[in-house]
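For reference, the structure discussed in these notes is given below.
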Amino acid sequence: MTALVVVGLVTWGIFVAVDLVTMPQGLFSRPLVAATVAGAITGNLTSGLVAGMVLELYALDVLPIGASRYPDYGPAAVAAGAASALVPQELVIGVAGLVGLPLAVIGGYTLHVHRRRNAISVQRRLARVSAGDARAIWELQRNGLVRDAGRGLVLSVAGVCVALVMARMPWSEFPRASLLNWAAAAGGLSAVLGGALRSGGHGARRRWLGVGLAAGVLVVLLQ
């Protein structure tokens with residue numbers, strides 16, 4: 001991995017981290033997008049796309065409502081996409097889960113810390129904000145963006161380091177490493193199915209969910 005690729009991955013990781021919390025919230029932090037672009041930067045778009053599909057299954061189970069805590073899949077997907085682009089093709093799915101899921105949990109913790117720090121910053125300027133001090137509002141926006149970018153920087157650098165470790169792993173000495181693929185895929189399918197059942201509710205909505213699942217399976221079988 002060249003220095004230019006490392007810089008590209010870290011920059012992209014910072015962008016997707018900021019996209020989730022601060023701006024522009026344009027869904028660039030979705031795993032499918034973040035990992036695919038990371039794979040393209042690393043030189044293997046297809047592996048990045050597959051890694052993004054795996055993590056997207058887990059992310060579909062997340063409902064970011066109110067003060068709920070949830071993993072941050074953005075920088076984690078960047079690391080997973082880069083790592084998947086650097087390992088043997090038959091291990092892409094497993095490595096995506098192995099790299100992306102723990103980093104997403106760590107990223108979720110940093111989200112909590114970031115928001116607590118923002119709350120403290122607001123409390124310190126509450127009197128000025130209440131008085132309509134535009135400068136205080138500007139400081140809150142600026143400081144929040146800088147903290148969020150710093151959070152993305154730390155996560156992205158850590159993710160690139162993990163990807164480099166994955167690239168140097170002697171995978172040929174682990175004949176059962178392909179089992180990671182089954183574990184990552186099974187976990188993802190369980191997560192997305194569980195989320196669909198919860199979102200489907202009861203009664204007619206649950207029945208229509210069953211119809212949709214059956215239709216999807218039928219389409220796949222007919223391919």
Side-chain angles (χ1 to χ4, degrees), residues 1-23 28-45 47-59 62 64 69-88 91-118 143-171 174 177 180 183-184 187-188:
M1 185 185 294
T2 65
L4 185 61
V5 171
V6 171
V7 171
L9 288 172
V10 171
T11 303
W12 175 238
I14 294 172
F15 178 74
V16 299
V18 172
D19 175 67
L20 177 67
V21 181
T22 306
M23 61 172 289
F28 296 102
S29 59
R30 294 301 305 185
L32 193 60
V33 179
T36 301
V37 174
I41 293 173
T42 313
N44 191 336
L45 185 146
S47 293
L49 175 62
V50 172
M53 292 169 63
V54 172
L55 294 181
E56 193 68 48
L57 292 175
Y58 290 89
V62 174
R69 296 187 182 186
Y70 47 84
D72 180 3
Y73 284 99
V78 173
S84 299
L86 298 172
V87 300
L91 297 176
V92 166
I93 296 175
V95 168
L98 184 65
V99 172
L101 296 177
L103 286 176
V105 173
I106 296 172
Y109 173 75
T110 66
L111 277 180
H112 175 65
V113 173
H114 174 66
R115 283 171 174 155
R116 284 183 63 86
R117 191 65 188 82
N118 282 346
N143 295 346
L145 176 60
V146 170
R147 278 193 294 272
D148 201 17
R151 184 184 71 85
L153 173 64
V154 171
L155 290 173
S156 300
V157 170
V160 170
C161 291
V162 172
L164 289 173
V165 170
M166 291 294 111
R168 295 176 179 274
M169 284 282 287
W171 293 108
F174 301 97
L180 287 172

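Under the 4.5 Å side-chain criterion, counting only non-hydrogen atoms from C-beta, Asp148 is in contact with His114. Between Met53 and Thr36, every side-chain heavy-atom pair lies at or beyond the 4.5 Å cut-off. No side-chain heavy atom of Phe28 sits less than 4.5 Å from a side-chain heavy atom of Leu20. Taking the side chain as every heavy atom from C-beta outward, Leu145 and Val18 approach each other to under 4.5 Å. Put simply, the side chain of Leu49 reaches to within 4.5 Å of the side chain of Leu32, judged on heavy atoms. Using a 4.5 Å heavy-atom cutoff, the side chains of Val21 and Arg151 are in contact. With contacts defined as side-chain heavy-atom distances shorter than 4.5 Å, the pair Thr42/Leu86 qualifies. Residues Val105 and Leu101 fail the side-chain proximity criterion, which asks for heavy atoms closer than 4.5 Å.
Here the CD1-CG distance, from Ile41 to Leu4, works out to 9.5 Å after rounding to the nearest 0.5 Å. Here the straight-line distance linking atom CZ of Arg116 with atom CG of Leu111 works out to 14.0 Å at 0.5 Å rounding. Taken to the nearest 0.5 Å, the CZ atom of Arg147 stands 5.0 Å off from the CZ atom of Arg117. For the atom pair CD1 of Ile93 and CG of Leu57, the computed distance is 9.5 Å after rounding to the nearest 0.5 Å. Atoms CD1 and OG, from Ile14 and Ser156 in turn, are 5.5 Å apart once rounded to the nearest 0.5 Å.
A donor atom on one side chain and an acceptor atom on the other are found under 3.5 Å apart for Arg69 and His112.
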Practice problem: Check the pair Met1, Val160 against side chain to side chain contact (heavy atoms under 4.5 Å, CB included), reporting the backbone distance first and the verdict last. | Solution: CA-CA 10 Å; Met1 185 185 294; Val160 170; 4.2 Å; yes

Exercise. Let me see the working for Thr110 and Leu155 under side chain to side chain contact (heavy atoms under 4.5 Å, CB included), right down to the final yes or no.
Key: CA-CA 9 Å; Thr110 66; Leu155 290 173; 3.7 Å; yes

Quiz item: So Tyr73 and Val16, side chain to side chain contact (heavy atoms under 4.5 Å, CB included) or not? Walk me through it.
Solution: CA-CA 9 Å; Tyr73 284 99; Val16 299; over 6 Å; no

Quiz item: Is there a side chain to side chain contact (heavy atoms under 4.5 Å, CB included) between Val99 and Met166 once you walk through the steps?
Solution: CA-CA 8 Å; Val99 172; Met166 291 294 111; 3.6 Å; yes

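Considering all non-hydrogen atoms of both residues, Ala76 and Ala104 come closest at CB-N, 3.5 Å. Closest approach of Thr11 and Val7 over heavy atoms only: OG1-O, 2.7 Å. For Ala51 against Ala80, the heavy-atom pair with the smallest separation is CB-O, 3.9 Å. The two atoms that bring Asn118 and Gly144 nearest to each other are OD1-CA, 3.8 Å, heavy atoms only. Across every non-hydrogen atom of Ala184 and Gly94, the tightest pair is CB-CA, 4.2 Å. The two residues Leu103 and Ala79 make their nearest non-hydrogen contact at CD1-CB, 3.5 Å.
With hydrogens and angles ignored, the 3.5 Å screen pairs a side-chain donor or acceptor of Asp19 with a backbone N or O of Ser29. Looking only at distances, a side-chain donor or acceptor of Trp12 sits under 3.5 Å from a matching main-chain atom of Ala34.
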